[in-house]
Amino acid sequence: MSTPALQRDRGTWERLSATVRPEGRAFIAGRPVAARDGGVFDDVSPIDGKVLCQVARCRAADVDAAVAAARTSFETGPWRRMEPKERKRILRRFAELIRADVDTLALLETRDVGKPIVNSVSVDVANCADCIEYYAEFADKLYDEVAPTGPNDLALVRREPLGVVGAIVPWNYPLIISTWKVGPALLTGNSVVLKPAEQSPLSAIRLGELACEAGVPPGTFNVVPGFGEEAGKALALHPEVDLITFTGSTEVGRLMLRYAAESNLKRVALECGGKTPQVVFADADLEAAAYGIAWGIYYNSGETCHAGSRLIVQESAKDALLAAIRRVTATITLGHPLDPATQMGALIDRPHMQRVLGFIDSGVADGARIALGGKRALEESGGFYVEATVLDGVRPDMKVAREEIFGPVLAVMTVRGESEAVRLANDTPYGLAAAVWTADMNVAHRVSSALRGGTVWVNSFDRSSMATPFGGFKLSGSGRDRSPHAIDKYCDLKTIWTAYR
Ligand code: NAD
């Protein structure tokens with residue numbers, strides 16, 4: 001028997017990795033296909049900057065083929081008209097196949113995006129399977145409604161699938177974010193065309209294969225890798241797509257609304273950027289706060305939309321808190337992602353690494369001070385690593401306090417009291433998440449109510465489950481992933497009114 005995934009050493013992972021041949025072709029109508037014009041692009045691993053494989057460069061013609069397959073499957077109905085309990089069975093089998101495929105999926109994810117293998121195994125693949133299983137369970141438990149009418153009428157209010165769902169996703173959590181969309185979309189009987197980010201297409205293609213193997217009918221779940229401006233735009237403009245469910249930057253989120261307006265007024269659900277404040281009062285448990293703050297910004301190398309990137313701390317507690325954050329950070333190992341001891345891996349690609357380093361430089365140029373890290377790391381690997389960084393003395397008007405860095409950089413600002421803390425925390429165009437740390441439950445209650453964010457944590461950070469909705473206020477988007485609330489996004493309501501004599 002092979003060693004359980006979480007007990008393997010780096011050598012074992014490297015040997016296993018050498019046996020995994022990534023599939024780079026699109027997955028359309030139940031089979032792998034090359035781009036129609038034969039186009040490919042290099043998929044580069046951020047671990048060492050080397051080409052991992054070539055991937056189909058899908059363009060409008062390939063998107064047309066995928067949407068046509070999805071539309072045909074939807075109209076002919078093998079999935080939509082299936083008995084709910086059968087749909088549940090297939091989705092549960094899909095979840096089991098994901099679990100059984102953990103080695104391959106985790107290696108694809110780690111090699112494609114540079115995250116530590118232990119996280120790919122125990123967070124990304126595990127949550128991806130849990131998400132499909134969570135939505136599978138709704139298939140035969142959701143009831144529709146009978147409206148209150150007079151005695152000679154019967155008004156049914158039924159939930160119906162929308163049709164073809166286009167899902168466009170980013171590179172930071174490719175498996176998790178894909179299944180947050182694919183799970184409820186399939187549960188409700190829709191067909192899906194998934195467009196993964198060009199930096200991270202491999203696990204999405206594998207998901208397409210596994211869904212089909214589980215019994216999702218061919219054409220019901222298609223995957224079109226390619227560039228945003230090509231495959232993504234063609235999908236978002238497509239007249240036969242009924243909903244675009246998007247996660248990514250606010251800038252591209254705006255384009256989604258424009259594409260919908262220019263095409264068929266398709267629905268658009270957006271999960272966009274964030275600039276999450278961590279608000280710490282002097283009476284808080286500073287050790288617990290330091291742990292939540294360090295992991296809240298350095299997990300996934302800060303490439304997390306709700307990463308706690310702004311620390312807003314009461315002046316009198318700042319020095320003690322920063323010392324505690326330094327202690328926690330010293331225990332977070334930056335290293336090769338296939339080494340099971342590694343807790344912080346690579347950034348997604350060279351341009352992004354340069355962008356993050358540019359933010360650090362801009363903070364320093366604006367007068368902030370590097371209190372920890374600040375430099376590129378492991379350069380000899382050829383990969384794209386940046387140290388866990390703390391910028392102290394940040395002013396609210398600095399670029400590092402206002403813009404999403406999407407890297408391991410914490411911006412530290414001080415305040416005198418509660419009202420100033422709330423004002424500063426809300427002084428951002430984003431509203432994805434926030435956290436408050438205090439021993440006073442009155443303060444916790446007032447501040448958590450006043451903070452504008454889709455999730456507000458109290459004396460904790462990043463605790464979540466499939467049972468709670470996830471998404472943002474303001475420029476962080478609209479609509480929610482996860483929880484039963486996400487299901488509504490993928491349905492339309494139809495009233496069937498019958499009059500009796
Ligand atoms: P991005 O917006 O550049 O790309 C996201 C997706 O959109 C990719 O698949 C990309 O190919 C596609 N795309 C790009 N340009 C397009 C265009 N013109 N037309 C159609 N599609 C296009 O984002 P990214 O760099 O991949 O990811 C990072 C961003 O995602 C960050 O801003 C982060 O905050 C955000 N994000 C948000 C959440 C959330 O749930 N709110 C979760 C994860 C990431």
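Every number for a ligand or one of its atoms is a count from 1 in the order of the listing. All residue numbers in this chain count up from 1 along the given sequence.
Note that Lys399 lies in the cation-pi zone of Phe359, set by a 6.0 Å cut-off to the ring centre and a 45° limit from the axis.
For ligand 1, the polar-atom distance check against Phe470 finds no nitrogen or oxygen pair separated by under 3.5 Å. Checked by distance only, ligand 1 and Trp171 come closer than 3.5 Å through their nitrogen or oxygen atoms. Below 3.5 Å of separation, one finds no N or O of Trp180 facing any N or O of ligand 1. Polar contact check, Gly228 against ligand 1: a nitrogen or oxygen pair lies under 3.5 Å apart. Polar contact with ligand 1: absent for Ser476 (N/O pair, distance under 3.5 Å).
Contact record, Ala294 with Thr329: CB-OG1, 3.8 Å, taken as the closest heavy-atom pair.
The Asn172 neighbourhood of ligand 1 comprises atoms 43 (C), 44 (C), with distances under 4.0 Å to a heavy atom of that residue. Residue-ligand proximity, Glu229 to ligand 1, at heavy-atom distances under 4.0 Å covers atoms 18 (N). Ligand 1 places these atoms under 4.0 Å from at least one heavy atom of Lys233: 19 (N), 20 (C). Close approach of ligand 1 to Leu255 is summarised as follows: ligand atoms under 4.0 Å from at least one heavy atom of the residue are 18 (N).
Under the 4.0 angstrom criterion, atom 32 (O) of ligand 1 counts as having a protein heavy-atom contact.
Contacts between Val169 and ligand 1 below 4.0 angstrom, taking non-hydrogen atoms only, involve the backbone exclusively. Heavy atoms of Leu235 found under 4.0 angstrom from ligand 1: none, in either backbone or side chain. Residue contacts with ligand 1, taken as heavy atom pairs separated by less than 4.0 Å, involve Glu404 solely via side-chain atoms from C-beta onward. At a heavy-atom cutoff of 4.0 Å, ligand 1 is contacted by the side chain of Leu432 but not by its backbone. At a heavy-atom distance under 4.0 Å, no atom of Ala236 approaches ligand 1. Of the heavy atoms in Tyr173, none comes closer than 4.0 Å to ligand 1. Contacts with ligand 1 closer than 4.0 Å are made by side-chain heavy atoms of Met256 only, the backbone lying farther away.
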Check the pair Val169, Lys195 against side chain to side chain contact (heavy atoms under 4.5 Å, CB included), reporting the backbone distance first and the verdict last. CA-CA 6 Å; Val169 297; Lys195 208 301 272 173; over 6 Å; no
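At least one heavy atom of Pro196 sits less than 4.0 Å from an atom of ligand 1. For the ligand labelled ligand 1, residue Cys272 lies inside the 4.0 Å heavy-atom shell.
Enclosure of atom CD in Glu379 is not indicated, since only 12 or fewer non-hydrogen atoms of other residues, nucleotides or ligands lie within 6.0 angstrom.
Relative ring orientation between Phe470 and Trp180 is described as tilted, the plane-to-plane angle lying within the 30° to 60° band.
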